[in-house]
Undergrad: 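Sharing a structure here in structure tokens format.
Within every chain, numbering begins at 1; the chains are lettered A, B, ... in the order of the sequence lines, protein sequences first and strands thereafter.
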There are 2 protein chains.
Amino acid sequence: MPNYVVGHKIPDSDSICSAIALAYLKTTLGEPTVPARLGELSPETLFILDKFGFEQPELKTSYAGESLYIVDHSDRVQGPDDIDQATILGIIDHHKLGDLTTSTPLECWIRPVGCTNTIIKMMYDFHDVAIPKDIAGAMMCAILSDTVIFKSPTCTTADIKCVEALAEIAGIEDPQELGMDMFKVKSAVEGTPVRDLVLRDFKDFNMNGNLVGIGQLEVIDLAIFDEMKADLEADIIKLKQEGKRHTVILLLTDIMKEGSEFLVVSDDAAIIERAYDVTLTDNKVWIDGVLSRKKQVVPPLQDAFA
Amino acid sequence: MPNYVVGHKIPDSDSICSAIALAYLKTTLGEPTVPARLGELSPETLFILDKFGFEQPELKTSYAGESLYIVDHSDRVQGPDDIDQATILGIIDHHKLGDLTTSTPLECWIRPVGCTNTIIKMMYDFHDVAIPKDIAGAMMCAILSDTVIFKSPTCTTADIKCVEALAEIAGIEDPQELGMDMFKVKSAVEGTPVRDLVLRDFKDFNMNGNLVGIGQLEVIDLAIFDEMKADLEADIIKLKQEGKRHTVILLLTDIMKEGSEFLVVSDDAAIIERAYDVTLTDNKVWIDGVLSRKKQVVPPLQDAFA
Ligand SMILES: [Mn+2]
Ligand SMILES: [Mn+2]
């Protein structure tokens, strides 16, 4: 029976590429390991898998009785629902430490860097295992995605150096150009149902007892939303009502202009204005420099609710 | 304001030596960091500090408002009581993953090896920092202690190789001989109050709602307990009553004969007999091969209680 590697629910490119890369490393080290996923893949991730010739990892949501590695999260709510009946062999992650616990010793590689794949590269180096060309390419793309091509405030020099080394292995001359191609795919939102867009990268947070949902769409030109913005605004109003949320924010992030338009629906809009020191106009505001939900959007709002 | 490194309550040699070693590494990397301790040191640890010329780390039990690294544990109950008001920068450990959480990304080096200092050595190697002679000696002794000079079932080849490398740096020709000297110090129990001995390395466990206390004394010749065994037995009866415990077990571990005598006081001695498949005589039994509380004593008892 092989071991598994799985990332978080609503998988992003980091969760998928790190599962593939870690499964290869562990298998090479003599421990047969299979990458898996908890949900459907985004167009960006499908672009990466296609580009480097990978199949989609197995869709597997139940892990009772299995042994597995967890990547790109350490919060119970984000992982497999039956994790308590599984054996966690290790955790590789770059977020805050969540509430997963184990009953046996394990392997944790957690670092405050921009992407899980940057840490997986450290693991290859530690074990002195050569990274295959196609895996290096996928890892590199995941880092470019998580760091918004190095523009995110979560990006570290370790991430930049890692992309350089992986590009060398993958034989890619201009990683940033490939990163832009990838964000173009991510930006192709036309024809996608509005609700699918709103939920493409959506996370709920409990802020001092209030349910706050924050979605994010990262594109290379916000003009793409001009025709559908009214529909997006109408849909987050519905989403707020359906989920009995206090607030829903949808971030329309322009990775070239390096900022985000906030679409807001809230029981108390003043709290949003206070959190970011802005004034909403028609429930919208552009904030220069905001690229990271994790580092720039959640903490000030959590403080405003506290 | 410097950062701190601190190990668990009732500090052992691993908690103290890894705090000293990590503080030096972090300080060398440009992050002023101070080793600390949560309690009084054992004769074994004092022997190590004296041998390599270290002062005792600062006794510091409150960390509100401070930033710190946690070593040799990741369970709330074992660490500083006000940890929720502190910032955890990282965790270096070799136990199961406990219930500590953080609100910000951090650095975790957790590995299923025999000693935290084996992991600290990996950190020095990763950062390409030379380990000073005296620190190498202290780290080496901690590994010899945690692995019972390589005899514990928790010992891995990584621990053995690490001791070899550290001995080379520290200029110690025969690490195992030094290990024996250390265990001789640990074995010098005469003149110590009985209660101090019982609590020297004592941990409580919640087993299916029952409070179970398990202490361990590791010595090089069990004969040392001949004259005081009756007093030890009388004291664990008192300890059981005082703490309203279901069971207290005191392990008298002979590291040369490689086994442990179990002194048992329990509301249901049959559960102990079933857990280890033995018959108690006068509430005592010798079990061949048992050296590790973590790996050989706790799990079967937890299963028997389940
Ligand atoms: Mn990630
Ligand atoms: Mn230890």
Undergrad: Given that the side chain runs from C-beta out, which part of B/Leu89 has a heavy atom under 4.5 Å from chain A: side chain, backbone, both or neither?
TA: neither

Undergrad: Does NZ or CZ of A/Lys203 lie under 6.0 Å from the centre of the six-membered ring of A/Phe205, at an angle within 45° of the ring axis?
TA: no

Undergrad: Do you know which of A/Ile119, A/Leu97, A/Leu100, A/Asp125 has the most heavy-atom pairs with chain B at a distance under 4.5 angstrom?
TA: A/Leu97

Undergrad: Would you call B/Glu107 and B/Lys26 a salt bridge, using N to O less than 4.0 angstrom?
TA: yes

Undergrad: Under 4.0 Å between a side-chain nitrogen and a carboxylate oxygen: does that hold for B/Lys9 and B/Asp81?
TA: yes

Undergrad: Taking side chain as C-beta onward, heavy atoms only, is B/Lys96 less than 4.5 Å from A/Thr101?
TA: no

Undergrad: Could you tell me which of B/Pro299, B/Ser74, B/Ser103, B/Cys108 has the largest number of non-hydrogen atom pairs under 4.5 Å with chain A?
TA: B/Cys108

Undergrad: Measure distances from A/Ile91 to the heavy atoms of chain B and classify the residue's part below 4.5 Å as side chain, backbone, both or neither.
TA: side chain

